[in-house]
Number of protein chains: 2
Amino acid sequence: MNCPNLISHLRKHVPLSDGDVALLYTYLRPASIKKKDFLLKEGQVCKANYFVEKGCLRMFYINNKGMEQITHFALENWWLADYMSLSLQQPSQFFIQAIEDATIVAIEAHQQDELFRKLPQLERYFRIMMQRAYAAAQMRVKYHHDYSKEENYKLFISLFPAFVQRIPQYMLASYLGLTPEYLSELRRKG
Amino acid sequence: MNCPNLISHLRKHVPLSDGDVALLYTYLRPASIKKKDFLLKEGQVCKANYFVEKGCLRMFYINNKGMEQITHFALENWWLADYMSLSLQQPSQFFIQAIEDATIVAIEAHQQDELFRKLPQLERYFRIMMQRAYAAAQMRVKYHHDYSKEENYKLFISLFPAFVQRIPQYMLASYLGLTPEYLSELRRKG
DNA sequence: AGAAAATCTTAAGCTGGTTTAAGAAAGAGA
DNA sequence: TCTCTTTCTTAAACCAGCTTAAGATTTTCT
């Protein structure tokens with residue numbers, strides 16, 4: 001078992017002895033998954049919080065027109081889950097799928113409280129991660145309101161040029177909430 | 001000093017002895033503020049996390065057309081802050097203002113780590129609060145994408161009918177991302 | 001009560017972004 | 001290599017929601 005990125009990420013935020021790491025390992029479920037494999041499907045309960053060691057995930061739902069609407073991407077060192085479904089253990093409206101072959105590490109919902117009791121530092125670590133995620137979500141609301149679709153597109157490619165190379169255009173269009181056709185027009189304009 | 005709502009809210013999620021509460025009180029800064037008073041202005045660093053004991057707050061920014069764009073409301077038993085500014089102690093792009101006379105309780109950023117070291121339960125409490133807030137933010141992204149403005153308006157008034165009575169229409173319009181004129185038209189239509 | 005400020009409504013014209021439809025190009029499997 | 005699938009592009013018609021402007025109503029303050 002090997003999760004070098006996760007362990008070093010944890011140690012950036014909280015102290016973890018080697019013994020703590022050994023204990024932690026008994027609660028982690030690492031997995032290799034193939035491109036297009038699903039970690040969660042609509043109607044299932046989200047059973048774990050997923051850390052991306054390597055690769056790339058997307059979270060999406062099927063909108064009222066039957067199209068896949070992407071709401072989140074997760075790259076290396078990001079956590080991803082449907083936190084409403086995970087917290088309340090109720091059926092999810094989302095899918096989580098690999099868009100590249102990926103290595104992920106799962107912490108199961110039903111083991112999380114026990115793990116946090118044994119390693120209380122994790123409570124702090126996830127408090128920081130959730131606060132960070134929520135802070136990003138607050139800014140996202142602002143950008144979404146404040147910028148036109150064209151401006152949002154330009155902002156995104158300026159912030160994440162490498163990532164734009166990594167995913168198909170139509171997934172970026174979906175995430176940004178515009179049609180592939182209009183994205184194509186924006187690219188042509190410059 | 002008196003924060004009954006906050007204490008009972010904490011005790012819903014973590015154990016707190018009377019001694020813990022006494023210690024906690026030394027870190028809480030309660031305040032009564034008047035309608036239209038500000039807790040945060042653009043350019044300032046967000047210095048505290050605010051709990052609403054009574055009343056109602058809004059968070060907004062000035063958009064590129066010079067209009068106030070509301071991004072969050074906070075009623076009784078909600079926490080509100082610009083978490084990006086609070087976490088990184090960098091200048092905020094937001095305002096936080098009372099829209100009714102309000103009683104709030106502040107936990108100052110510069111005391112938070114010390115408080116959490118003395119009462120580690122709070123780390124868990126805020127992990128739960130932040131996860132809940134982020135979960136709500138994930139759902140908000142979905143609703144925002146999936147529903148038309150008219151559907152979002154109808155959803156909001158069906159979910160929060162009492163709140164709709166409490167705030168001016170133009171603030172609801174701002175929050176929902178539509179013009180007061182269009183909201184007026186939607187109301188007329190039924 | 002009266003004046004000023006804040007909030008809400010109506011209606012016409014306009015536009016950013018979608019829809020639809022068709023084809024071109026690139027990638028992947030056999 | 002060839003075929004099938006996936007991804008991307010072009011262009012015209014269309015519409016949800018905005019802008020502008022003016023006035024009506026409600027609330028707040030003196």
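Below, chains carry the letters A, B, ... as their sequence lines are ordered, and counting in each starts from 1. Keep in mind that this is a model prediction, so the values were computed, not measured.
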Under 30°, 30 to 60°, or over 60°: which ring-plane class applies to A:H9 and A:F51, parallel, tilted or perpendicular? tilted
Quick check on the helix from C:dA1-D:dT30 to C:dA30-D:dT1: what's the angle between its two end axes, five base pairs per end, to the nearest 10°? 60°
Distance (rounded to the nearest 0.5 Å) between A:S158 OG and A:E151 CD: 11.5 Å
Once you round it to whole Å, what is the distance between P of C:dT7 and CE of B:M67? 12 Å
Minimum heavy-atom separation for A:E68 and A:I62, please, with both atom names. CG-CD1, 3.9 Å
Please report, rounded to the nearest Å, how far the P atom of D:dC18 is from the CD atom of B:Q69. 10 Å
Rounding to an integer number of Å, can you tell me how far B:Q169 CD sits from D:dT27 C1'? 15 Å
Tell me whether the OP1 or OP2 atom of C:dC8 has a side-chain N or O from B:R187 closer than 4.0 Å. no
Between P of D:dT6 and CG of A:L172, the distance in whole Å: 20 Å
Please determine if B:E123 and A:R127 form a salt bridge, counting it only when a charged side-chain N lies under 4.0 Å from a carboxylate O. yes
Please state whether the rings of B:F73 and B:Y175 are parallel, tilted or perpendicular, taking 30° and 60° as the class boundaries. tilted
Distance in angstrom units between B:Y170 OH and C:dA5 C1', rounded: 11 Å
State whether a side-chain donor-acceptor pair under 3.5 Å links A:K142 with B:Q93. yes
For A:F163, does the six-membered ring have the charged nitrogen or CZ of A:R166 within the cation-pi criterion, i.e. under 6.0 angstrom from the centroid and within 45° of the normal? no
Return the orientation label for the A:H72 and B:Y134 ring planes: parallel under 30°, perpendicular over 60°, tilted otherwise. perpendicular
Contact string for nucleotides 11-30 of chain C, one letter per nucleotide 5' to 3', B = base within protein heavy-atom range under 4.0 Å, S = sugar-phosphate only, - = neither, reads B-----SBBBB---------
Atom CG of B:L183 to atom P of C:dT7: distance rounded to whole Å? 14 Å
Report yes or no: is the cationic atom of A:R58 (NZ for Lys, CZ for Arg) under 6.0 Å from the centre of the six-membered ring of A:F60, at an angle within 45° of the ring normal? yes
Once you round it to whole Å, what is the distance between C1' of D:dT28 and NZ of B:K34? 14 Å
For A:I167 and D:dT6, give me the distance from atom CD1 to atom P, rounded to whole Å. 18 Å
